[in-house]
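First comes the structure, then the notes that go with it.
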Amino acid sequence: MQQLIRGRVLDFFADPAETDRNHRYHEDGAILIQDGRILAVGDHADLARDGLPEIDHRPHLILPGFIDPHIHFPQLQVIASWGAQLLDWLNTYTFPAEAEFADPAHAARMAGLFLDQLVAHGTTTAVAFCSSHRTSAEALFTAAQARDMAMVAGKVMMDRNAIPAVHDTAQSSYDDSKALIETWHGRGRQRYAITPRFAITSTPGQLAAAGALAAEHPDCHVQTHLSENRDEIAYTLSLYPQARDYLDIYETHGLLGPKTLLGHSIHLEPREIARMAETGSRAVFCPTSNLFLGSGLFDEQGLRAAGIVSGIATDVGGGTSWSMLTTLNEGYKVLQMRGQKLHPLAAFHWATRGNALALGLETEIGTLAPGSAADLVVLDPRATPAMALRAERARSLAEELFILQIMGDDRAVAQTYVSGRAMKTA
Ligand code: GUN
Ligand code: ZN
């Protein structure tokens, strides 16, 4: 069955930070959908025909659904935990909360609620760290598959320096990850990410097991954390005294490459930046988290100039909002502190096609090109009285987008489509 979704349609085919010819915009536009895929995008007048079911979202904007390339599934009740920086925050709040995901009933309940929050905020694909328990990844994949929602996820591998309830072993983490890959990677819209949490919580033996998995499954992503916090870096280097630097630990265990997502990547040495560029490894900027945990200011321009592709993500629950709009807002402010500018067109490109490029999934998600999944977000730049008041003076599409970027959150998400189905109930 075909259907038409009508509104002010916007997507990107190039990065506005790099070229002025970068987006397609149809003021009275429409997206033709069949079986969860986009068949065509254009002016409404060219696509409408008698008998074709149509949903009219005018005057709202319709974009590809947001992609969140770094979020922690078992931290949905950790968000807004007071007073700590990274290592204390992990020990005090995070590891105890993640321990509860050993219980399949808890994990299943939380998985549904996790996906509900993503959809409420207009996010249609996430790259998620699960807990160390296989059950947590099973629960998330099962719930995402039932919604036909594209997830990239993996159970964290962590065999030291936390609490016993969240420890696995090098062997069990290898076996559980392998079993999850066999069951879930490439099943429907699900993909597996090999997920050593970070060097502090993995023995060298476990990082070797992660590297073996990456070599055996080169089409899986790898996700971990890198150089988020000064104390983290010092502790890490004390645990791996032979390493040239933090990145070298991941490099010597075969964990770098274009499918590798390195969360935070803030306090980098020149050699690390060069090796990230040479290996094609991705950096992921998590602005609300970096501010909340007092971690530091990401250098977007510096990494771009070095040739590194970056994503932008929430990092819930170190991050303080599920909203990619709020994330773009805080990202704008972090870059202001660095003397860098995040233009609204570049911001909306980043949260959609840019993050898809960071994942290497740009033919599947992140644009409205025919053949892509019909994953869409419908945005209302006048969602609140304060936004509507500001929008009275908006003179361009870029100004409207900037209102969404700076003032928007889930209230501005009028609807979210996943595989062509409206997911948001009033
Ligand atoms: N480094 C290792 N684990 C985590 C985590 O759960 N959140 C953040 N922000 N950093 C980490
Ligand atoms: Zn994280």
Side-chain angles (χ1 to χ4, degrees), residues 68-81 83-101 114 126-133 136 152-163 165-168 173 193-202 206-207 210 221-237 239-240 246-247 249-250 255 260-267 282-298 310-322 327 330 334 355 358:
D68 184 349
H70 185 117
I71 185 166
H72 294 262
F73 159 47
Q75 295 177 16
L76 70 179
Q77 296 179 312
V78 175
I79 188 169
S81 292
Q85 294 214 346
L86 177 63
L87 299 178
D88 289 337
W89 174 85
L90 286 170
N91 289 316
T92 309
Y93 302 113
T94 307
F95 296 147
E98 294 198 5
E100 293 175 31
F101 284 71
F114 179 81
V127 185
F129 289 67
C130 301
S131 76
S132 55
H133 315 97
S136 70
V152 183
K155 71 148 238 112
V156 290
M157 307 169 75
M158 50 189 300
D159 65 348
R160 65 168 169 179
N161 291 325
I163 52 175
V166 296
H167 283 160
D168 51 19
S173 70
I194 297 156
T195 309
R197 181 176 209 121
F198 64 161
I200 289 175
T201 48
S202 285
Q206 183 168 62
L207 289 187
H221 286 88
V222 172
Q223 61 178 344
T224 187
H225 297 88
L226 175 73
S227 294
E228 176 177 2
N229 165 293
R230 300 267 183 211
D231 291 343
E232 171 213 12
I233 296 168
Y235 186 19
T236 301
L237 296 178
L239 292 169
Y240 287 88
Y246 194 160
L247 187 80
I249 300 166
Y250 297 139
L255 290 167
T260 297
L261 305 167
L262 299 167
H264 307 294
S265 298
I266 299 171
H267 309 285
R282 302 339 197 191
V284 185
F285 176 28
C286 304
T288 71
S289 170
N290 297 161
L291 294 172
F292 180 70
L293 294 174
S295 301
L297 305 175
F298 183 83
S310 297
I312 184 165
T314 66
D315 192 30
V316 164
T320 53
S321 172
W322 294 78
T327 300
E330 300 299 305
V334 167
N355 278 338

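Both counts, for ligands and for their atoms, begin at 1 and track the order of listing.
- The local environment of CZ in Arg230 is sparse, with at most 12 non-hydrogen atoms from other residues, nucleotides or ligands closer than 6.0 Å.
- Atom numbering of ligand 1 starts at 1 in the shown order; those under 4.0 Å from a heavy atom of Gln75 are 5 (C), 6 (O).
- Although no hydrogens or angles enter the test, the distance criterion places no donor-acceptor pair under 3.5 Å between the side chain of Ser173 and the main chain of Met157.
- Applying the 4.0 Å criterion to heavy atoms of His72 picks out, from ligand 1, the atoms 5 (C), 6 (O), 7 (N).
- Glu228 OE1, 2.7 Å is the protein heavy atom nearest to atom 10 (N) of ligand 1.
- Just one of Ile249, Leu247, Thr260, Leu207 meets the side chain to side chain contact (heavy atoms under 4.5 Å, CB included) condition when paired with Leu255; it is Leu207.
- Not one N/O/S atom of Cys286, from backbone or side chain, sits under 2.8 Å from the Zn ion (ligand 2).
- At a threshold of 2.8 Å, the Zn ion (ligand 2) has no backbone or side-chain N, O or S atom of Glu228 nearer than that distance.
- Among the backbone and side-chain atoms of His72, an N, O or S atom lies under 2.8 Å from the Zn ion (ligand 2).
- Across Asp315, Asn229, Leu226, a single residue satisfies side chain to side chain contact (heavy atoms under 4.5 Å, CB included) together with His264, and that is Asp315.
- Atom OG1 of Thr236 sits about 4.0 Å away from atom OH of Tyr246, to the nearest 0.5 Å.
- Ligand-side atoms of ligand 1 in range of Trp89: 5 (C), 6 (O), 7 (N), range being under 4.0 angstrom from any heavy atom.
- In this structure, atom 3 (N) of ligand 1 lies nearest to the protein heavy atom Arg197 NE, 2.8 Å.
- Ligand 1 lies out of reach of Phe129, whose nearest heavy atom is not under 4.0 Å from it.
- Rounded to the nearest 0.5 Å, atoms CG (Leu291) and CG (Leu297) are 7.0 Å apart.
- Within ligand 1, the atoms closer than 4.0 Å to a non-hydrogen atom of Leu86 are 8 (C), 10 (N), 11 (C), numbered from 1 in the order shown.
- Expressed to the nearest 0.5 Å, how far CD of Gln75 lies from OG of Ser289 amounts to 9.0 Å.
- Checked against the 6.0 Å centroid criterion, the rings of Phe129 and His70 qualify as a close aromatic pair.
- Not close to ligand 1: Glu232, with no non-hydrogen atom less than 4.0 angstrom away.
- With a 4.0 Å cut-off on non-hydrogen atoms, Thr201 does not touch ligand 1 at all.
- Counted by atom type alone, Asp168 and Ser132 present zero donor-acceptor pairs between their side chains at under 3.5 Å.
- The Zn ion (ligand 2) sits nearest to atom OD1 when only the N, O or S atoms of Asp315 are considered.
- An N or O contact shorter than 3.5 Å is missing between Glu98 and ligand 1 by distance.
- Note: angle at the Zn ion (ligand 2), from NE2 of His70 to NE2 of His225, is 100° (rounded to 10 degrees).
- With ligand atoms numbered from 1 in the order given, ligand 1 contributes 8 (C), 9 (N) to contacts under 4.0 Å with heavy atoms of Asp315.
- Counting only heavy atoms from C-beta outward, the side chains of Ser81 and Thr92 never approach each other to under 4.5 Å.
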